[in-house]
Each structure stands twice: as structure tokens, then as C-alpha cells.
Amino acid sequence: MRALEILGATGFTAALYWACSVVQRRLRLSLLHPLLLSVLAGGTLFALLPESWLDAYDRGSRPLLWLLGPATAALALPFYRQRAFLAQHPWAAVLAAASGCASTVAVVWGLGELLGLSPLLMRAASLKNVTLPVALGLAQLTHTQPGLTTVCVFTSGLVGSAIGPALLSRVGVRSPVARGLALGTLSHAIGTARALEEGPLPGAAGVVALTLSAVLIGTGAIVLSMIFG
Amino acid sequence: MALLRTGLQLVVLGVLFAACQWLVARTGIPAPPGLLALLVLIGLLLSRAVPERAVGQGADLLLRYLPVIFLPPGIGVIRELHLVRGHALGLAGVLLGSLVVGQLVAGLVGQAVVKREKQ
């Protein structure tokens, strides 16, 4: 039964993602990321089915989920390959990522408090600019729901890469390095893919920024969880 | 041969993560094992204790298919929709506001530092 669940969940996940990738390519809409389409389609399907099906899918997808760990470690490679960029612009990279992370978290908690959001929603929103494999690890650490975290991370990636370039141009940020850093810090891998469209230098800056912001937000979350439990 | 090499590199990444999982469980370090494995691998690569060719192809393969691994937690959001009920607009406002401010601050700070570096 267990082997069947694993086989079924893995096959279903791969087939759903493949089908949604085909649909996205046909529609040619960059905002419709295949993963977003897959989440919408899969979520709708399981909402219509008895809950026991979702339970079985959860159990069967555990081995696939375990791969998130090695995949997080694999993020070291793109960062390592851009070490020359980091050596050239160490302060720009660190200060842009640190200020971007600090300001976005501050706005989440300030505005969230003002609008009466629950601490749970604010924790999920605080993880939005962390690349998903790290964000899911931090969600577990901070007792935040993984699905909610996934949605926040996605919103930041998709909306940030859609409005980011125009927003940065509007306030006069023309430096390719700074544009890549801003897109990578707030919109992780999706923003980095958008930065790569502007050129190799913004792309390299994006890779470095997404790793730095994952480490910075991760360190902050670990320290806070040590203090507050 | 290339397939075998990629498979072995995936095993290396898996062993590294499993070792970090063990370390976290053993010592009680309050850190996600994946983040720890990322930092350890960056350190190993930068110190050249592990050459890029020992993990490169395996890492590229995992990163290429990363979105597929994200699907199960993404679909799981349907169990959590009740948490957003009544707060969807507020959450959207917070996400958008914090995203815009963060992007502007990171961009402006990055540009100011790059200008200083050039001078």
C-alpha cells in the first residue's frame, strides 16, 4: 500500500507539472508559472475529492519532499559559480540584501499589525523573499504552515519580477548590479530569472542576492526562534 | 558513465543533507538541516575541500526539477485556506507593500554602494 502511494503521488506530481508546463508554453503567459498553474489545478482537484485522497497524497509524497533537503544544499553551486561577482562587489551585495530583507520584514510586521493580521500570517509573509526550499525549512522551524508559506513565496516571486524592473527604473535605479541585487533579494529564483533577461551581470547579482537573503532571513528566524521558542 | 556520475553526485548531496539532519537531531541546533547543508557545502566549495566537479551535475539536475518537489506543499495550501479567510485583502496588502518597499530599498542601497565603489 505504501509503495503504491509513493508511486501514485510521485507519478501524479510529475504528470501534473508536465501538463501545466505544456499549457503555460501554449498560452505564453509569463505570469502563469507552471508551478502556480499546477498548485491551482492540483488544489482544485483535491478540494473536489474525498479528504482521504489528500491524506494518501501527503503520505505518498514524503520521499519526494525529502529531496528538498539535498536540493537546498545544491543551491550552493550557483552561488559558488558567481564567487567572482561577490569578490568584485562584496559590500553592495551584502548591504543591498541586508537592507532589503530588514525593510521588507519591518513593513510586514508594521503594516500587518495595523491591518490586524494574525502572527501566523505575518510569519508566513516574512518568509516570502526566501527561496522556497529554505523557506519551507524555516516554516517548520517557526511553526508556520508550509502551504501558506509557499503561496507567500510565490506571490513575492511572480509579482516582484513583474513589477520590479519598472519600479526600479521609475526611481532611477539603472545600475545593472543594483537591479539584479534588488530582484534577487525580494523575488529569489523567479526574480533572478527576470534579472538574467536584462543581462549576465544582473543575473549573477540575482543569484548572489537570493543566497544571501536566504542566509540572512534564515539566521534572523533561527535567532528569534531561540529567544522566543 | 555520465548518468552514473550524476547519480553518485546526487548520493553525495543526499549524504551531506542526511549528515546535517543527524547533526541537528543530535545537538539540537535550532536550524533547518537544509540551510545548514547549504552553508556547509558553500564552505567546502570555497575552501576547495570539495571540487565543483564532485557535485556540479547532480546539483544542476536537482535544481532543474526543483519546481516538481514544491508541488506537494503547494497543493497542501487547501488545508490552510481557513487561516486566510477574512484576511485575504490584508495579507495581499502586506505582501505587496513590503515587496515594493524591500525592492526599492535594496535597489537604492545597492546603487549607492556601487557608485561609491566606482569613486
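Naming: A, B, ... by sequence-line order, numbering from 1 per chain.
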Which bit of [X] comes within less than 4.5 Å of chain B, counting heavy atoms only: side chain, backbone, both or neither?
X	answer
A:Leu186	both
A:Arg179	neither
A:Val108	both

Do [X] and [Y] have side chains that get closer than 4.5 Å, going by heavy atoms?
X	Y	value
A:Arg81	B:Glu52	yes
A:Val134	B:Pro32	no
A:Asp58	B:Arg79	yes

Pair A:Ser175-B:Lys115, side-chain donor/acceptor within less than 3.5 Å
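Note: A:Ser175 and B:Lys115 side chains miss the donor-acceptor criterion.
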
Under 3.5 Å, side chain of B:Gln103 to main-chain N/O of A:Leu168, donor-acceptor pair present?
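Such a contact is absent between B:Gln103 side chain and A:Leu168 backbone.
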
Hey, could you give me the CG/CD1 distance between A:Leu132 and B:Ile69, rounded to the nearest 0.5 Å?
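CD1 of B:Ile69 is found 10.0 Å from CG of A:Leu132.
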
Testing the basics here: between A:Pro133 and B:Leu66, what is the closest heavy-atom pair and its distance to 0.1 Å?
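Answer, listing the atom of A:Pro133 first, then B:Leu66: CG-CD2, 4.2 Å.
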
More than 12 foreign heavy atoms under 6.0 Å from CD of A:Gln140: is that the case here?
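No.
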
Which one, B:Val109, B:Leu38, B:Ile42, leads in non-hydrogen pairs under 4.5 Å with chain A?
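Top count of heavy-atom pairs under 4.5 Å with chain A: B:Leu38.
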
Go through A:Val105, A:Leu115, A:Leu111 and name the one with the most non-hydrogen pairs under 4.5 angstrom from chain B.
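Maximum pair count with chain B is reached by A:Leu111.
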
